[in-house]
J.: 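Input: one structure, supplied below.
In what follows, every chain begins at residue 1, and chains take the letters A, B, ... in the order their sequences are listed. Quantities reported herein were computed from a predicted structural model and do not represent experimental measurements.
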Amino acid sequence: MKRLIEAYLASLRERGELDAILPDLLSQLGLNVYSRPMRGSRQYGVDIAASGELDGEAERIYLLTVKSGDLTRQGWNTGPQAVRQSLDEILEVYIPTHLPAEHRGKPISICICIGGEVHQSLRLELSAYEAKRATDAIRFEEWNGGKISAWIEGSFLREDMLPAGQRGSLRKAMAMVDEPDTAYRHFRVFAQGLLTGDLARPHARVTAVRQLHLATWMLFAWARDAENLDAAYRSAELSVLYGWDVCKGAVPGEGKTPVVEVAFVELLQTYLVVCEAYLQENALPHVQALHATSQAVRGNTALDVNLRLFDVLGRLALAGLWSYWITKRIEDAGGDPNIPMKATEEYIAAVQSLIRNNPILHSPVSDDQATDIGIAACLLQIDDGGADFLRWWMREIVVRTSFSFRTHGMYPCILRSYGELLRHPKSGDDEYRKRVTAGSVLYPMVAFWAAQVADIETVSRIEAFRAELLQHCSFQLWYPGADSEQHLYTNGDSHGGVLHLSEIQASDSFLREVRRECGEASFTRQLSAVRRGWLPLVIAACRHYRLPFPLCLLDDDQDGNLAEAADGGAPMTGREASGE
Amino acid sequence: MDIADTMTKLRVAWKAGALPDVAHELCRADRSDVTATLIDLHNKGEIDVVTAFANLQRASSNDTDFFLKRHLFEQVLQMLDSPVRAVMDCVLNLYQDPGANRAAGIVVRSFRLYCEKVQQRSDDALRVVENTPDTYAPLLSSILVARSHWDPASSLDAAMRLGGHPASSIRQGAFLALCDLAWPADVPLPPSVASYCELAADVESDDAVLACIASAILTLYRRALLDEQATLQTLTRVLARGQSLTVRASIETFGLYTKDLSRQIRSLLIQQIGRIDTEDLSTLDLIDFGLEHMLKGVDKAGGLRLLDDLVLARNVDIERLDGAARAVQADPALVGVVVVRWLRGGNRQLCSGLSTLLGLSATRDRPLSIDSTELDNATDDEVLFAARKAVGYLFYTPVAAASVVIGLVHLSAGDALRGRLGRLLTEGLLRNYLGKCRDYVMAEETSAAEPARSVLARALQATTSYVDGLSFKTVLLALQPSEAHREAYARHFSNQMEDALRTAREKSFLLQFVSHQVLLHGNRAIAYVHANDGPAQRTEFPLSSHSVSFERPRQEILDPVGLDYMLRVFKYEGHAG
C-alpha cells in the first residue's frame with residue numbers, strides 16, 4: 001500500500017494538489033493546523049502551518065513549504081515559487097513577523113514538503129543551505145514522498161482503521177481505473193466499509209471523511225494518469241454523498257463549524273476539482289462542434305452514444321448548478337459574485353451547445369434520463385435567455401419521442417439494464433411497447449419544464465400524446481419522503497413517493513398540482529442538505545442514484561429558482577473549525 | 001462398352017422387365033449407343049420399347065430418374081415401328097402420370113414427330129381420337145399438326161370441323177392445332193378461317209376453349225396468316241367472353257412475342273393486365289418479360305406507362321419485375337427519365353421501388369444520370385422536392401443520391417436554389433458519408449463548370465469544417481463504452497448475425513442441393529469421389545473468403561431518431577400547396 005501511496009504522491013502535478021491532503025494528514029497526525037493553503041501565493045513562503053507534537057517529540061511549530069513532484073535544481077532556485085526563496089521568506093519575514101503570538105518561542109521545524117524526492121545533484125547544496133541557517137530553535141526537515149506516504153498509511157489506512165478487505169478494494173479500484181465500472185464498484189465497497197464502521201465517536205467520523213477524501217484523491221491521481229477520469233468522477237461524487245451522510249449529524253458549535261464539516265468541505269473541494277477536470281477534458285472543449293461529443297463516444301451503437309451523452313449532460317449541468325450555488329454563497333457573504341457567475345454562464349452556454357450540437361440529446365431512450373433533463377433544465381432556466389432555449393429543447397424532445405413511439409423507434413422506456421436496452425425496441429410489437437412504457441417520469445418532467453416556460457402548446461401536445469397512445473402509461477413525479485433523509489445520500493433503500501398524474505391539464509393547473517404536492521409534503525425542505533444549505537448535494541444524489549429531479553427543490557415563486565437553505569448554510573471555506 | 005454387350009444387357013433387361021432402368025444406366029455411360037441399340041432391337045422385334053415404357057411410373061416425388069428415362073423414350077419414339085394405339089397409350093401414360101407433368105409437352109412433341117414420319121400413323125391416330133375423344137383428346141392437336149405436313153387443307157378442315165365438337169377437350173385441341181398447322185408460306189389461309197374463329201368466339205362459352213381460340217388467332221397473326229384488323233376484331237370478342245384462362249393465354253402472347261405484335265394488338269393485350277391476379281407469379285413473369293422487351297426498344301414510353309400502372313394500379317412489387325429492371329438499368333437514358341419523373345412525382349410506391357428498379361444497394365452504389373427534359377417547367381420548389389426525395393429514397397446508396405442532387409444543381413437556375421441543394425447535399429449526405437460519397441462529390445467538383453462548381457466546393461468545405469470539429473488530439477477514454485457494455489454488444493451482435501445466417505441458410509437455393517461441411521482447419525478441402533467404375537478420384541477445392549463492406553451513415557449512431565425523422569419527412573412530404 002505504501003508504494004501505491006508513494007506513486008500517488010509523486011504523480012500529483014500541482015502544488016495545490018499536494019496541499020489538498022496535507023492539512024487532513026497533519027490533523028490526523030494530531031497537529032493543529034492553524035494556517036491552511038490559500039489559492040494563489042504563499043504566506044511568506046509558508047503553505048501550511050501547524051503546531052503540536054509529532055513522532056513523540058515535544059510541541060513544535062511546523063512551517064511547510066510545498067512542492068509537487070521531485071525537487072530539482074530548477075525548483076530549488078528558479079522563479080517566484082522557488083523553494084529556496086520560500087525558505088528565505090520564512091526565515092526572514094514569516095518567523096520574525098507573522099508567527100502567531102501564541103506560538104512564539106516554540107521550536108520551529110521548516111519542512112520542505114515534496115511529493116517525490118530531492119534530486120541527488122541538489123543534495124549537497126540543500127544540506128549546505130540547511131546547515132548554514134539551522135539554529136537551536138529552528139531546524140529544517142525534508143518531508144518527501146516516502147515519509148508522507150508512511151504517515152498516510154499510518155494515519156488513514158492502518159489495520160485498525162481500515163480492514164484488509166477494504167484496503168484491497170481501494171487497491172483494486174486504483175488498479176482498474178481504465179475500467180470505470182469495475183473501479184467504481186470496488187471504490188463503493190471501500191466507501192461502504194467506511195460507513196458501516198463504528199462512527200459513534202466524532203473523531204471516527206472525521207477520520208472516515210478524511211479517508212474518503214484521501215481515497216478520492218488517490219483514485220483521481222491514478223485515473224488522471226490512465227487518462228480516464230470516469231471512475232474518479234463517479235467515486236468522487238459517491239464520496240461526497242457518503243461524506244455528507246457521515247457529516248450531516250454534526251451539530252455546529254457557537255459560530256464554529258464542526259471539524260467533520262471542515263473535512264467534508266475539503267472533500268467537496270476535491271470533488272469539484274475532479275468534476276472540473278473531467279468536464280475540461282471530456283466535455284467543455286468539444287461542445288461547440290456539431291456531433292463532436294457524440295463522435296467521441298466511439299460507440300458501437302446509438303445506444304452507447306445516447307447513454308453517455310445524457311450522462312455527460314447531467315454532469316455538466318450539475319457542475320453548473322454547483323457553480324451557481326457558489327455564486328449565491330459569495331453573494332450572501334457580501335463578496336463579488338461576478339467571477340463565479342461568469343463560470344455559471346459558461347456552464348449554461350456549454351449545456352446549450354452540448355444539446356444543440358448533439359441532437360441525440362433530444363431523444364431520451366431511458367425514462368431515468370428525466371433526471372439529467374431535469375438537472376439541465378434547472379440550470380438553463382437560471383439564465384435570462386434560457387427560457388427560449390428550454391422551450392425549444394422540450395418541444396424537440398416531445399416531437400422526437402412521440403415520433404419514435406409511433407414508428408417503434410428508440411422511444412423512451414422504463415428498461416435500465418444495458419442488455420435490455422440493446423434489444424430495445426422490438427419492431428412492431430405493441431404488447432412489448434406497452435410493457436416497457438408502463439410508467440413515465442420523463443413526460444411529466446418535460447411537461448413541467450414546458451409549463452415552467454409557459455409553452456402551453458408543448459404541454460397540450462404531451463397530454464394529447466398520452467390520451468392517444470399512452471393511456472396505459474402511469475405519468476408520475478417523484479417527491480422525497482420522510483424516509484429520504486435516511487437513504488438519499490447512500491441509496492440504502494428505496495424512499496420517497498410518487499404523485500400520479502391522471503392527466504396533464506393546461507400548464508397553470510398542472511403546475512399548481514405539482515406545487516401543491518410540494519406544499520403537502522415538505523420533506524424536501526427537511527432534508528439535511530437542504531436545511532444546511534448544501535442543496536446541490538440533493539441533485540447530485542439524484543443524478544448519482546438515478547432518482548428523478550425533485551421539483552420541490554425549486555422555489556415556490558414563478559421563476560423556479562433553486563430554493564434557499566432553510567436555516568442558512570455552510571460556506572465553502574473560511575469558517576473556523578470547532579473543536580469536535 | 002461395345003454394342004454387343006449393350007444389346008445383351010438390353011435383351012436381358014427386357015426379359016426381366018427392367019428395360020427402362022437398365023437403358024437409363026447404360027445411357028449414362030454412352031447415350032448414342034444406347035438409343036441406337038434400343039431402336040435397332042425394337043424394330044427387329046427383340047424387345048418392345050413401347051410396352052416397356054408404357055408402365056413407367058415415378059417411384060416417388062424425388063424420383064428425378066423418371067424424367068431421364070422418359071427423355072430416353074422421347075428420343076427414340078419417332079424411330080420406332082409400333083402400332084399407333086399402343087404408342088398413344090404409352091404417350092398418354094407418360095404425359096398424364098400424376099406429378100410428372102414437368103416438361104410433359106416434350107413427350108407429346110415426340111409423338112407428333114412419330115406421327116409425322118408416316119402419314120398413315122396420323123390418320124390412324126385421328127380416327128382413334130374421334131372414336132374415343134374423352135381419352136385421347138390431349139393428343140389431338142399433335143395429330144392434326146403432324147397430319148398437316150402431309151395434307152394441310154384436309155387437316156385444316158378437320159380442325160375446323162372438330163372445333164364444333166361437343167367435347168370441350170376436342171375443341172381445345174382443334175383450335176390449338178391451328179397455331180402450329182403446317183401451311184405453305186406462299187398460300188393464303190382461306191378467309192373462312194377468320195370468320196370461323198369469329199363465329200366460334202361468339203358462340204363459345206368455355207373459357208378453356210376461348211383461351212385456345214385466343215392463342216390460335218394470335219399465332220396466326222404472328223405467322224402473317226391473319227391480318228391485324230381481323231385479329232383485333234376476333235380477339236376483342238374472345239377477350240370479352242373469356243375469363244382467366246383466356247386472359248392468361250393473351251398475356252402469354254404479350255410476354256413471349258411482344259415485338260411481333262402491332263401497337264394496337266399490344267395495347268389490347270395490355271388492357272387485359274387489369275384482369276389478372278397479381279398473386280399469380282407465372283403470369284406476372286410473362287408480363288415482366290413483355291415489359292422488358294417494350295423497355296428495350298419496342299415501345300419505351302409505353303413500357304414506362306405500363307410499369308407505372310403495374311406498380312400503382314395493380315400494386316405489383318417492383319422486385320417481381322426483374323426483367324423490366326434489367327432493361328432500365330441497361331439504358332442510361334431510361335434511367336435518367338425514370339429517376340427524375342418518379343422523384344419529381346413523389347409517389348411513395350414508385351419512389352420506394354426506385355432502388356430496386358435501378359439495381360442499387362449499399363454494395364452496388366453508382367452515379368445516376370438524370371434527364372433534363374423531365375424537369376421542363378419545374379419550379380424551384382419542385383426541383384428541391386425532387387432532390388429531397390432523392391436523399392430520402394436513395395439515402396442508403398449515397399453516391400446515387402448525390403449524383404441526382406448534383407445533377408439537379410447543374411440544371412438549376414438561380415443561386416438561392418443551388419444554395420439550398422448544396423446544403424441538402426452537405427447536411428443530408430456528406431455529413432453521413434465521409435468515404436465514397438465525399439470522394440465522388442470531390443471528383444464531380446473537379447470536373448464541374450461554374451456555377452455548380454462553387455456549390456460543390458462550398459458543400460465540401462462545410463464538410464471539411466464539420467470533420468475538423470470532430471478531430472480530437474486524444475482519445476477520450478472516459479466517454480467510451482465500458483468493457484462490459486462492449487462485451488454485451490458483441491454478444492448481442494453475434495446473436496443477430498447468427499439469426500441472420502440461419503435465415504439466409506433457410507432461404508438458400510444452393511444449400512438445398514449441396515451438402516454442408518464445416519472445415520476446422522486449412523484452406524482447401526480434399527475429397528475422394530467414387531465413380532461407378534474405376535478408382536476413386538482425388539479432388540481438391542481451394543477455399544476462398546468472400547466479404548462485402550459498405551459505409552454506414554454516421555447519423556445511425558450519432559442521431560438515429562433525427563436521421564429516421566429526416567428521411568421520413570423527405571419521403572412522405574407532399575408537394576407544397
J.: Which heavy atom of B:F570 sits nearest to which heavy atom of B:G392, and what is that distance?
T.: CB-CA, 3.8 Å
J.: For B:E556, is it the side chain, the backbone, both, or neither that has a heavy atom closer than 4.5 Å to a heavy atom of chain A?
T.: backbone
J.: Are B:Y433 and B:F395 an aromatic pair, judged by ring center distance below 6.0 Å?
T.: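 Yes - the distance between ring centres of B:F395 and B:Y433 falls below the 6.0 Å cut-off.
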J.: Which answer fits B:R554, side chain, backbone, both or neither, if we ask what part of it has an atom under 4.5 Å from a heavy atom of chain A?
T.: side chain
J.: Kindly assign one of parallel, tilted or perpendicular to the pair A:F389 and A:W393, based on the angle between their ring planes and the thresholds 30° and 60°.
T.: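 Correct class here is tilted.
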J.: Looking at B:D468, B:D564, B:L558, which has the largest count of heavy-atom pairs under 4.5 Å with chain A?
T.: B:L558
J.: Among A:N358, A:I360, A:N228, which residue has the highest count of heavy-atom pairs closer than 4.5 Å to chain B?
T.: A:N228
J.: Under a 4.5 Å heavy-atom cutoff, which of A:V312, A:V399, A:N300 has the most pairs with chain B?
T.: A:N300
J.: Pick one of side chain, backbone, both or neither for A:Q295, based on which atoms fall under 4.5 Å of a heavy atom in chain B.
T.: both
J.: Check each atom of A:S363 against the heavy atoms of chain B and say whether the ones under 4.5 Å are side chain, backbone, both or neither.
T.: side chain
J.: Below 4.5 Å, heavy-atom pairs only: which of A:V297, A:L361, A:D311 has the largest tally toward chain B?
T.: A:V297
J.: Parallel, tilted or perpendicular: which one describes the rings of B:H485 and A:Y418, with boundaries at 30° and 60°?
T.: parallel
J.: Side chain, backbone, both or neither: which part of A:Y278 has a heavy atom under 4.5 Å from chain B?
T.: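 Only the side chain of A:Y278 comes within 4.5 Å of chain B.
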J.: Donor-acceptor pair, A:S440 side chain versus A:Y443 backbone, under 3.5 Å?
T.: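 Confirmed, A:S440 side chain pairs with A:Y443 backbone.
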J.: Hey, what's the ring geometry for A:W392 with A:H362, parallel, tilted or perpendicular (30° and 60° as the breaks)?
T.: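 If you compare the ring of A:W392 with that of A:H362, the planes turn out perpendicular.
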J.: Does NZ or CZ of A:R224 lie under 6.0 Å from the centre of the six-membered ring of A:F220, at an angle within 45° of the ring axis?
T.: yes
J.: Between A:M410, A:E227, A:E396, A:R400, who has the most heavy-atom pairs with chain B when the cutoff is under 4.5 Å?
T.: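 Counting heavy-atom pairs under 4.5 Å, the top option is A:R400.
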J.: Please rank A:A283, A:P180, A:A296, A:P285 by heavy-atom pairs under 4.5 Å with chain B and give me the top one.
T.: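 Answer, by heavy-atom pair count under 4.5 Å with chain B: A:A296.
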J.: Please determine, among A:V365, A:V305, A:D230, A:L290, the option with the most heavy-atom pairs under 4.5 Å with chain B.
T.: A:L290
J.: Relative to the ring of A:F403, is the ring of B:Y565 parallel (under 30°), tilted (30 to 60°) or perpendicular (over 60°)?
T.: perpendicular
J.: For A:A231, is it the side chain, the backbone, both, or neither that has a heavy atom closer than 4.5 Å to a heavy atom of chain B?
T.: neither
J.: Heavy-atom distances under 4.5 Å only: say whether A:R308 touches chain B with side chain, backbone, both or neither.
T.: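 It is the side chain, since no backbone atom gets that close.
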J.: How about B:Y396 and B:D365: does a side-chain donor come under 3.5 Å of a side-chain acceptor?
T.: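 No, no side-chain donor-acceptor contact under 3.5 Å.
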